[in-house]
There are 2 protein chains.
Amino acid sequence: MAEELRTLVERLKAVSHPLRLRVLSLLEPGELCNCQIAETLQVPASSVSEALRELRRAGFVTERKDGRWVFMSLVSRELAAPFLQGLLEEAAALPELQQDRARAQAVKALAIPVVCSKVQRDAPTEREATHV
Amino acid sequence: MAEELRTLVERLKAVSHPLRLRVLSLLEPGELCNCQIAETLQVPASSVSEALRELRRAGFVTERKDGRWVFMSLVSRELAAPFLQGLLEEAAALPELQQDRARAQAVKALAIPVVCSKVQRDAPTEREATHV
DNA sequence: AGTATATATCGGAAATTATCGAAACATCAT
DNA sequence: ATGATGTTTCGATAATTTCCGATATATACT
């Protein structure tokens, strides 16, 4: 298979996943660190980290380290894939993702250490019937 | 998971696949029947049929039956997902997909029965190392 | 140094997807 | 009706993906 086709497919796969799409959409208004995302989405921090790794691999996200924290943000529109623009608009219209953003705002209002020390504790453990 | 998020993810998954993306891109200039696609891409007809089923399920493709043949075409831009426009542009720029289109033109120049009677015979049998 | 905390990676079980030949189904041609 | 041909579905196997707890790594604080 041609390299370029493979790459495009990999980038599409990266966003074809509920958690990764939620994370992507969450980052649109601005950067967030791993634990802010984990707290916002009520998902284990390791899952968020893996989601971010895929989004980074696909070239949609960049990181900025600041001490203990790694703040992730979307790459510029110019660097992103052409299909991303339409996708983000489509995503922003979804009720659940709007809810996510509202939660993120509340989380951002708190100091980061306060948010993050909660994450380890109250991550959900029950597995859903279908993949999240 | 919210229904709408799930739907969007399903639509993204539908195009996150080399064969399905090739088929999608192949249909952009105009309708083709299953066997024309199979011949163009040198892929078993059943694989093409399955790819088309997914693209139909995702709402990207519609069918028009004409006797033995089922011609598939892209749905109108208005009905398609917002991200599809950018994706098709991105796809059209890929060398391999341009090659596919050139082959499709050659195939279209032949009478359909001539094309299709070949398909059953010379489909490739060797499995590639990675998924196609 | 030692502890706490944020992030990344690993391991591995479970679910999902991919693939294609075989068989079924639908329509045409004689 | 019979056979030929285009399309779809089925069956089964292999490959991949998902998910999260456990572990590892990195930085901060005291």
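All of these numbers come straight from a predicted model, not from anything done at the bench. When reading the values below, keep in mind they use all heavy atoms of this one structure, side chains included, and skip hydrogens, waters and symmetry mates. We name chains A, B, ... by the order of the sequence lines, and we start the count at 1 in each one.
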Trainee: Please confirm whether the backbone N or O of B:Gln36 pairs with a side-chain atom of B:Thr40, one donor and one acceptor, at under 3.5 Å?
Mentor: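 Judged by distance alone, yes, a pair lies under 3.5 Å.
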
Trainee: Nearest whole angstrom, please: distance from the C1' of C:dA6 to the CG of A:Leu32.
Mentor: 15 Å

Trainee: Within this structure, what is the CD-to-C1' distance between B:Glu10 and D:dT17, rounded to whole angstrom?
Mentor: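 Interatomic distance, CD of B:Glu10 to C1' of D:dT17: 14 Å.
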
Trainee: Return the value, rounded to whole Å, for the distance between atom CG of A:Leu41 and atom P of D:dC19.
Mentor: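 One finds 13 Å between P of D:dC19 and CG of A:Leu41, rounded.
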
Trainee: Using atom NZ of A:Lys13 as one end and atom C1' of D:dA15 as the other, report the distance to the nearest whole Å.
Mentor: 10 Å

Trainee: Does D:dT8 have its OP1 or OP2 closer than 4.0 Å to a side-chain nitrogen or oxygen of B:Arg53?
Mentor: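 Negative; the distance criterion is not met.
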
Trainee: Would you mind reading off the distance between A:Leu19 atom CG and D:dT18 atom P, rounded to a whole angstrom?
Mentor: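 It works out to 10 Å between those atoms.
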
Trainee: Where the side chain of A:Ser49 meets the backbone of A:Ala45, is there a donor-acceptor pair that is under 3.5 Å apart?
Mentor: no

Trainee: Is it the case that one hydrophobic cluster holds both A:Val70 and A:Val48, taking links as side-chain heavy atoms less than 4.5 Å apart, direct or via other members?
Mentor: yes

Trainee: B:Ile37 CD1 to D:dG6 C1': how many Å, rounded?
Mentor: 13 Å

Trainee: Decide side chain to side chain contact (heavy atoms under 4.5 Å, CB included) for B:Leu21 and A:Leu5; before the verdict, give the C-alpha distance in whole Å, the side-chain angles of both, and the deciding distance to 0.1 Å.
Mentor: CA-CA 9 Å; B:Leu21 194 52; A:Leu5 174 58; 3.9 Å; yes

Trainee: More 5' along DNA chain D: B:Leu52 or A:Ser16, using each one's nearest nucleotide?
Mentor: B:Leu52

Trainee: Quick check on DNA chain C: between A:Glu50 and B:Ser46, whose nearest nucleotide comes earlier from the 5' end?
Mentor: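 It is A:Glu50, whose closest nucleotide lies nearer the 5' terminus.
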
Trainee: Quick check on contacts: within residues 60-70 of chain B, what sits under 4.0 Å from DNA chain D by heavy-atom distance?
Mentor: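 Under 4.0 Å from DNA chain D: B:Arg68, B:Trp69, B:Val70.
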
Trainee: Distance check needed: C:dA29 P versus B:Ile112 CD1, whole Å only.
Mentor: 13 Å

Trainee: Would you say that more than 12 heavy atoms from the other residues, nucleotides or ligands in this model lie under 6.0 Å from the CD of B:Glu63, or not?
Mentor: yes

Trainee: Quick one: does any side-chain atom of A:Glu54 pair with a main-chain N or O of A:Arg20 as donor and acceptor, under 3.5 Å?
Mentor: no

Trainee: Let me know the distance between CE of B:Met72 and P of D:dG6, rounded to the nearest Å.
Mentor: 17 Å

Trainee: Does atom CZ (B:Arg57) have a neighbourhood of more than 12 heavy atoms from anything else shown, all under 6.0 Å?
Mentor: no

Trainee: With a 4.0 Å limit, can you tell me whether B:Arg20 has a side-chain N or O closer than that to the phosphate oxygens OP1/OP2 of C:dT19?
Mentor: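 For B:Arg20, the contact criterion (side-chain N or O under 4.0 Å from OP1 or OP2 of C:dT19) is not met.
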
Trainee: Can you tell which of D:dT7, C:dA22, D:dC19 lies closest to the side chain of A:Ser47?
Mentor: D:dC19

Trainee: Tell me whether the side-chain N/O atoms of A:Ser49 come closer than 4.0 Å to OP1 or OP2 in C:dT7.
Mentor: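 Answer no for this pair, as no side-chain N or O of A:Ser49 is under 4.0 Å from OP1 or OP2.
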
